[in-house]
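Here is the structure we will look at, set down as structure tokens.
Heavy atoms only: backbone and side chains are in, while hydrogens, waters and symmetry mates are out. Please read all numbers here as calculations on a predicted model, not as lab measurements.
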Amino acid sequence: MARAMALIAFLLAFIPVGAWPKDTQFWNLTANTITSLQLSPPGKNEWGRNQADNDRDHTVDHDERLKITDTAAGIHDVKFVDKSGRTCIVPNVQVKAGAIFIIEEKELKGCAK
């Protein structure tokens, strides 16, 4: 067993760091700190868990990135609540595995307080 583990460790040493999968991330370019961020299949209103819980302070500040977990790649609706109390839904956001998706303030229309 020890030989097998040593062989695996030896082989892994030769895999370039860039070959490891990268995290899928959200980049908050809205005007406010986000306190809740959920994703749903487009048009379904089946909101997943609060992704802001992935951050150590459970919020996503302006210009901060957040690791997204338990979400398949594809098109999603994104719902978030920010510290000002505003709730926004951004439809049809492309989420790619190992990539960053961005929501910018200028994209937001029809947010409710």
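Looking at heavy atoms from C-beta onward, Glu105 lies out of side-chain contact with Glu107 at the 4.5 angstrom threshold. The shortest distance between side-chain heavy atoms of Ile68 and Phe101 falls below 4.5 Å. By the 4.5 Å heavy-atom criterion applied to side chains, Leu108 and Phe80 are counted as neighbours. For the pair Thr71 and Thr24, the minimum side-chain heavy-atom distance is 4.5 Å or more. Residues Phe26 and Ile102 have side chains not in contact (no heavy-atom distance under 4.5 Å, counting atoms from C-beta outward). Between Leu66 and Gln25, the closest side-chain pair of non-hydrogen atoms is not below 4.5 Å. Using a 4.5 Å heavy-atom threshold, the side chains of Ile103 and Val78 count as touching. Using a 4.5 Å heavy-atom threshold, the side chains of Val90 and Lys109 count as separate.
A distance of 8.0 Å separates OG of Ser36 from CG of Asp53, quoted to the nearest 0.5 Å. For the atom pair Cys88 SG and Asn32 CG, the distance stands at 9.0 Å (nearest 0.5 Å). Distance check, rounded to the nearest 0.5 Å: NZ of Lys67 to CZ of Arg65 gives 15.0 Å. A distance of 4.0 Å separates NZ in Lys113 from OG in Ser84, rounded to the nearest 0.5 Å.
Looking at every heavy atom in both residues, Glu46 comes nearest to Pro41 through O-CD, 3.9 Å. In terms of heavy atoms, Ala97 sits closest to Ala73 at N-CB, 3.8 Å. Heavy atoms only, all atoms of each residue included: Asn54 and Arg49 are closest at OD1-NH2, 2.5 Å.
Gln51 places no side-chain N or O within donor-acceptor distance of the main-chain N or O of Gln38, the cut-off being under 3.5 Å.
Screening residues 73-85 for salt bridge (Lys or Arg N to Asp or Glu O under 4.0 Å) gives Asp82-Arg86 as the qualifying pairs, with residues at least two apart or on separate chains.
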- Task: Apply the test side chain to side chain donor-acceptor pair (under 3.5 Å) to residues Thr59 and Asp57: give CA-CA distance (whole Å), side-chain angles for both, the deciding distance (0.1 Å), then the verdict.
- Result: CA-CA 6 Å; Thr59 64; Asp57 69 357; 2.9 Å; yes

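A chain of hydrophobic side-chain contacts below 4.5 Å, direct or via other Ile, Leu, Val, Met, Phe, Trp or Tyr residues, connects Ile34 to Val93. Linking Ile, Leu, Val, Met, Phe, Trp and Tyr residues whenever their side-chain heavy atoms come within less than 4.5 Å leaves Trp47 and Val81 in two separate clusters.
No donor-acceptor contact under 3.5 angstrom links the side chains of Asn28 and His62, judged on distance only. Side-chain atoms of Thr33 and Asp61 include a donor-acceptor pair closer than 3.5 Å.
Residues satisfying the salt bridge (charged side-chain N to carboxylate O under 4.0 Å, His left out) criterion with Asp63, sequence neighbours excluded, are absent altogether.
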